[in-house]
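One structure is given here, and the rest of the page talks about it.
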Amino acid sequence: MGQVKEKMYNGIKVPEGEVVKFENGKPVTPSKPIIPFIEGDGTGRDIWKASKLVIDAAVKKAYGDKKEIAWFEVLAGEKAFDQTKDWLPKDTIEALKEFGVAIKGPLTTPVGGGIRSLNVSLRQIFDLYCCVRPVKYFSGVPSPVVSPEKLNVVIFRENTEDVYAGIEYPAGSPEAKKIIDAIHSVSPDKTIRPDSGIGIKPISKTGSQRLVRRAIEHAIEHKLPSVTLMHKGNIMKFTEGAFKDWGYEVAEKEFAEHIITEEKLWADHDGKMPAGKILIKDRIADSMFQQILLRPDEYSVIATTNLNGDYLSDACAAQVGGLGIAPGANIGDNCAIFEATHGTAPKYADKDVINPGSVILSGVMMLEFLGWNEAAQLILKALATTIQQKKVTYDMERLMTGATKVKTSEFAKHIIENMG
Ligand code: NAP
């Protein structure tokens, strides 16, 4: 019998298990999927250890021996650089391409070198066009607002265009001058001061519609009441305004039986929602920030352009108690990477004190993405119970009265106990 050659990436052996395949942008999950993980730099090490324990315990509790994750470490960031002299080795890219679904802790942005943010690089290499950030409140978490429990949104932020594909030229550069001259020759009535820096933000129909399509599909799958298109189209008509128009177009063309637009709701139904329909509405960005604070319960799924989504997701995370428990996912048609939304918090590295909630909840998103909802629910409930018991890491403890400060590893242990 011929011996099957062991497969290795970065010198690390691939464990036994199966590949998660993608069909029409959705995963087909085997019972023992191989899931690459990047533990992350700085506090990533503590966070990953704790998160893996929690995810494995939930899968075991939910499915016994029937399902299991075959974790496979892939290298990126400082660990990769130390071992391979490359911040994002080719092998890591190949492994992520092969296995499709991965989870990562925070990575340091290398300063000075040729590489820009590793997170941005991963999003671009795999065309992870959807940045998904669910934001909901866990009872007991200290929050700066009066009724944080009213906020429960999922933000779909476009991840490849707008300022992420932005082109900039400094004031006084030959490129800026050429563009200013070209604009003056095309539109003589427009004036641009010669000492202006120039920035271009491209937003396409393709990029906008694939993002809004995902947002509406999410609302349908999870029976959510509305999808709001957030934009600044009153000022930037052909980028932000077009995003809104293309969003409505995809909603009306592809999801007509599922949706109703706000305009039709008032024109045909006197503002009364027909049963089973999803409301498609739009809000100008500045108004959205007010609304999410003042009337958060009127919003559910929010689809938006890159820069708006960046601002809104951090503002919403703050509203429910901060980045320590804010998860995220970057999703494309053939790959999905789940990740912490905060950075490496290097001053707490290896001290076993940091809040692992963000990666644990990213794990919940990953389990849901794989269709392992029972395990996801176990973690969600146990995490909520642990916070209610006021057994929390330093960041929450310092803002709560009567709380017990626990280490990262202890927090994970309490979550696992609470699954019982
Ligand atoms: P940061 O690592 O997010 O940390 C800033 C502060 O946020 C920390 O000092 C801490 O505040 C709080 N914090 C962050 N994570 C926390 C957690 N899990 N639990 C509790 N509190 C938490 O931001 P940074 O210091 O600006 O960035 C450090 C490095 O991370 C940089 O290299 C940056 O480029 C990188 N980064 C990576 C990602 C990513 O991988 N997705 C995202 C952002 C930044 P207190 O000191 O008040 O406790």
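Note that the numbering runs from 1 along the sequence shown for the chain. Counting starts at 1 for both ligands and their atoms, in listed order. Just so it is clear, the model here is predicted, and its values are computed rather than measured.
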Do any nitrogen or oxygen atoms of [X] lie less than 3.5 angstrom from nitrogen or oxygen atoms of ligand 1?
X: Gly343; answer: yes
X: Ala345; answer: yes
X: Pro346; answer: no
X: Thr341; answer: no
X: Thr108; answer: no

Would you say [atom] touches the protein, meaning some protein heavy atom is under 4.0 Å from it?
atom: atom 19 (N) of ligand 1; value: yes
atom: atom 29 (C) of ligand 1; value: yes
atom: atom 45 (P) of ligand 1; value: yes
atom: atom 26 (O) of ligand 1; value: no

Which residue and heavy atom of the protein sit nearest [atom], plus the separation:
atom: atom 21 (N) of ligand 1; result: Tyr394 OH, 3.4 Å
atom: atom 34 (O) of ligand 1; result: Thr109 OG1, 2.6 Å
atom: atom 16 (C) of ligand 1; result: Ile354 CD1, 3.8 Å
atom: atom 37 (C) of ligand 1; result: Leu107 O, 3.2 Å
atom: atom 39 (C) of ligand 1; result: Asn119 ND2, 3.1 Å
atom: atom 9 (O) of ligand 1; result: Lys347 CE, 3.6 Å

Run the salt-bridge test on [X] and [Y] with the 4.0 Å N-O cut-off and return the result as yes or no.
X: Arg214; Y: Asp333; value: yes
X: Asp314; Y: Arg133; value: yes
X: Asp56; Y: Lys60; value: no
X: Lys52; Y: Glu39; value: no
X: Glu298; Y: Arg283; value: no
X: Glu374; Y: Lys67; value: no
X: Glu94; Y: Lys97; value: yes

- Value rounded to 0.5 Å, distance of NZ in Lys136 from CG in Asn152: 6.0 Å
At less than 4.0 angstrom from any non-hydrogen atom of [X], what atoms of ligand 1 do you find?
X: Pro106; result: 40 (O)
X: Ala340; result: 41 (N)
X: Arg398; result: 45 (P), 47 (O), 48 (O)

- Query: Crowded around Glu257 CD? As in, over 12 foreign heavy atoms under 6.0 Å?
  - Reply: yes
- Flag yes if more than 12 heavy atoms outside Lys177 fall under 6.0 Å of its NZ atom; otherwise flag no. no
- Nearest to atom 38 (C) of ligand 1 by heavy atom, His342, Lys104, Glu78: which? His342
- Query: Should the pair Phe37 and Trp71 be assigned to parallel (<30°), tilted (30 to 60°) or perpendicular (>60°) ring geometry?
  - Reply: perpendicular
- Task: Kindly indicate whether the side chain of Leu122, heavy atoms from C-beta on, has any atom under 4.5 Å from the side chain of Leu96.
- Result: yes
